[in-house]
Amino acid sequence: MKNLYKIITLFAIIFIAGVFVTVITVNSSLDKVDTPQKTVEIKKDTTYLLKAEKKTV
């Protein structure tokens, strides 16, 4: 019976250590704020000009 308690305790310690390491790893990867910001140029839509050009030809 003593061996069973030792085995259960060992697995519990390994499980808790694994959860702890996983939480630290996920938190450190989520804390990174190195996202590049992209700028987008806005242009007016010229489809109405193309339609008008086709009609005049």
With sequence neighbours left out, write down each residue that passes side chain to side chain contact (heavy atoms under 4.5 Å, CB included) with V26, or none if nothing qualifies. T22, L30
Could you give the distance from CG (L4) to OG1 (T9), rounded to the nearest 0.5 Å? 9.0 Å
List for me each residue that meets side chain to side chain contact (heavy atoms under 4.5 Å, CB included) alongside I14, sequence neighbours excluded, and say none if there are none. L10
If you group Ile, Leu, Val, Met, Phe, Trp and Tyr whenever their side-chain heavy atoms sit less than 4.5 Å apart, what else falls in with F11? I7
Only one of T25, V23, V19 forms a side-chain contact (heavy atoms from CB on, under 4.5 Å) with V21, so which one is it? T25
